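Note sheet for the following structure.
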Amino acid sequence: MPELPEVEALREFLDGHLVGREIARVMPLAVSVLKTYDPPLTAIEGAAVTAVDRHGKWLDITAGELHLVVHLARAGWLQWKDEFPATPPRPGKGPLALRAVLTDGAGFDLTEAGTTKRLAVHLVRDPADVPGVSRLGPDPLADSFDRAAFAAVLAGERRQIKGALRDQSLIAGIGNAYSDEILHAAKMSPFKPVHNLDEHETDVLYEALRTTLSEAVARSRGVAAGRLKSEKKSGLRVHGRTGEPCPVCGDTIREVSFSDSSLQYCPTCQTGGKPLADRRLSRLLK
């Protein structure tokens, strides 16, 4: 799933490619992709793009008085096109979910792999009209998100750190991959309860969060949209690297599986050398 660093890189890419150009048409090609109907997509035709912003994992393209707000979900992606084939695409065929064409013939496709379709596009007058945007917590890379703001967000939390970091209403933009990376950098167990963090551990976790995300954004900056996925994977130390040696201590990276996701961690760096219980595997062995 694209997370804050990749979406920020896409925002910068689109800012350089869309601003000042006019939208000719936006064509939804998957039944489920468009989540709003008022205003209609025709209302954005002929409007010039004036800004591209990011809200957590959401892209926000401002054109005229309207906002085209996009969430790529788990398997969505954006592909820039300098030109499109003369033959229009057929709705419902393949991974193509939406096409946006500019008046000069360039534009972008939104695609989504797999059979589970969660990619979402909203055309609204205010980004806050999108429920997923309005409920977002603070952006962890905002200047205002200092150590005190981080502590305030965690105050009263009784969940495990991994779940808290992924909660978009708590902190916007962090998903499964970067929560693993942040916790590895902080040398903390993903199962540690938030309310057990002392002041020093909160300091360490805050620094790990800011550093991990800032470095990921820096690595992604300037990378072409089509190469961002491979750039993300190459920069991850533990996520998606089950069975590989930890780049810090050399221990074997382990995994805990859930019904729809998994987490990776280093026992030596994060759990005092003790493997975490893999609940799904435990059930299979019973």
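What you see is a predicted model, and the numbers here were worked out from it, not measured in a lab.
- For the 3.5 Å distance criterion, the side chains of His239 and Gln264 qualify, holding a donor opposite an acceptor.
- Checking side-chain atoms of Ser220 against main-chain N and O of Ala9 turns up no donor-acceptor pair under 3.5 Å.
- Looking at Pro5 and Arg219, their side chains never come closer than 4.5 Å, going by heavy atoms from C-beta outward.
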Scan the side chains in residues 138-147 for donor-acceptor partners under 3.5 Å anywhere in the protein, sequence neighbours excluded, and list what turns up.
unit_1, atom_1, unit_2, atom_2, d
Asp139, OD1, Leu141, N, 2.9
Asp139, OD2, Arg54, NH1, 2.7
Asp139, OD2, Arg54, NH2, 2.8
Asp146, OD1, Ala148, N, 3.3
Asp146, OD1, Ala149, N, 2.8
Arg147, NE, Asp203, OD1, 2.4
Arg147, NH2, Glu199, O, 3.4
Arg147, NH2, Glu199, OE1, 2.8
Arg147, NH2, Asp203, OD1, 3.1

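- Remark: Ser169 OG to Arg135 CZ distance equals 6.0 Å, nearest 0.5 Å.
- Applying the salt bridge (charged side-chain N to carboxylate O under 4.0 Å, His left out) rule to Arg241 yields the partners Glu244; only residues at least two apart in sequence or on another chain are considered.
- Residues Leu78 and Val49 are members of one and the same hydrophobic cluster, defined by side-chain heavy-atom contacts under 4.5 angstrom among Ile, Leu, Val, Met, Phe, Trp and Tyr.
- A pairwise comparison of heavy atoms in Val26 and Ile44 identifies CG2-CG2, 3.9 Å as the closest pair.
- The main-chain N or O of Asp38 is never found under 3.5 Å from a side-chain atom of Thr36 such that the two would form a donor-acceptor pair.
- Side-chain contact, Lys162 with Ser179: a donor N or O sits under 3.5 Å from an acceptor N or O.
- Between atom CD1 of residue Ile171 and atom CG of residue Leu4 there is a gap of 11.0 Å, rounded to the nearest 0.5 Å.
- Residues Gly173 and Glu3 approach most closely at O-CB, 3.7 Å, considering heavy atoms.
- For residues 19-28, every residue pair satisfying the side-chain hydrogen bond (donor to acceptor under 3.5 Å, both in side chains) rule, not counting sequence neighbours, is listed here: Arg21-Asp104.
- Summarising the geometry of Ala177 relative to Leu236, their closest heavy-atom pair is CB-CD1, 4.4 Å, with the distance given to 0.1 Å.
- Following chains of ILVMFWY side-chain contacts shorter than 4.5 Å, one can reach Leu205 starting from Leu213, so the two form part of one hydrophobic cluster.
- Tyr206 and Glu201 form no side-chain donor-acceptor contact under 3.5 Å, judged by distance and modelled atom types alone.
- The nearest pair of heavy atoms linking Asp109 to Arg99 is OD1-NE, 2.7 Å.
- Expressed to the nearest 0.5 Å, how far CG of Leu110 lies from CG of Leu29 amounts to 9.5 Å.
- Placement of Leu102 and Leu123 within a single hydrophobic cluster is found when ILVMFWY residues are connected by side-chain heavy-atom separations under 4.5 Å, directly or transitively.
- Listed for the Thr211 side chain is no donor-acceptor partner under 3.5 Å among the backbone atoms of Ala208.
- When atom types are taken as modelled, the side chain of Gln270 and the backbone of Met188 share a donor-acceptor pair closer than 3.5 angstrom.
- Contact record, Val153 with Glu157: O-CG, 4.2 Å, taken as the closest heavy-atom pair.
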For salt bridge (Lys or Arg N to Asp or Glu O under 4.0 Å), just list the numbers for Asp180 and Arg237, CA-CA rounded to whole Å, side-chain angles, deciding distance to a tenth of an Å, and then say yes or no. CA-CA 9 Å; Asp180 281 352; Arg237 292 187 166 196; over 6 Å; no
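- Using the six-membered ring where Trp is involved, Trp80 and Phe13 have ring planes that are perpendicular, over 60° apart on the 30 and 60° scheme.
- How far OG1 of Thr111 is from CG of Leu96: 7.5 Å, rounded to the nearest 0.5 Å.
- Cluster annotation: Leu170 is connected to Leu165 through the hydrophobic network of ILVMFWY side chains, with a link wherever side-chain heavy atoms come within less than 4.5 Å.
- Note on Asp167 versus Arg159: salt bridge recorded, some NZ/NE/NH1/NH2 to OD/OE distance being below 4.0 Å.
- Distance alone, capped at 3.5 Å, places no donor-acceptor pair between the Tyr178 side chain and the Arg166 backbone.
- For the atom pair CG (Asp53) and CD (Glu8), the distance works out to 9.5 Å, reported to the nearest 0.5 Å.
- Within the hydrophobic cluster formed by Ile, Leu, Val, Met, Phe, Trp and Tyr side chains joined at under 4.5 Å, directly or through other members, Val238 is accompanied by Ile253.
- Hydrophobic clustering, with ILVMFWY side chains joined whenever heavy atoms are under 4.5 angstrom apart, groups Ile23 together with Val33.
- For the pair Val19/Thr50, no side-chain contact is recorded, criterion being any heavy-atom separation below 4.5 Å from C-beta on.
- Residue pairs meeting the ring-ring contact (aromatic ring centres under 6.0 Å, His included) criterion with at least one member in residues 25-67, sequence neighbours excluded, are Trp58-His71, Trp58-His122.
- Among residue pairs with one or both ends in residues 81-100, none qualify as ring-ring contact (aromatic ring centres under 6.0 Å, His included); sequence neighbours excluded.
- The OG atom of Ser134 sits 10.0 Å away from atom CG of Asp126, with the distance rounded to the nearest 0.5 Å.
- What you find for Pro2 and Trp77 is that their closest heavy atoms are CG-CZ3, 3.5 Å.
- Glu112 places a side-chain N or O within 3.5 Å of a backbone atom of Leu119 that can act as its donor or acceptor partner.
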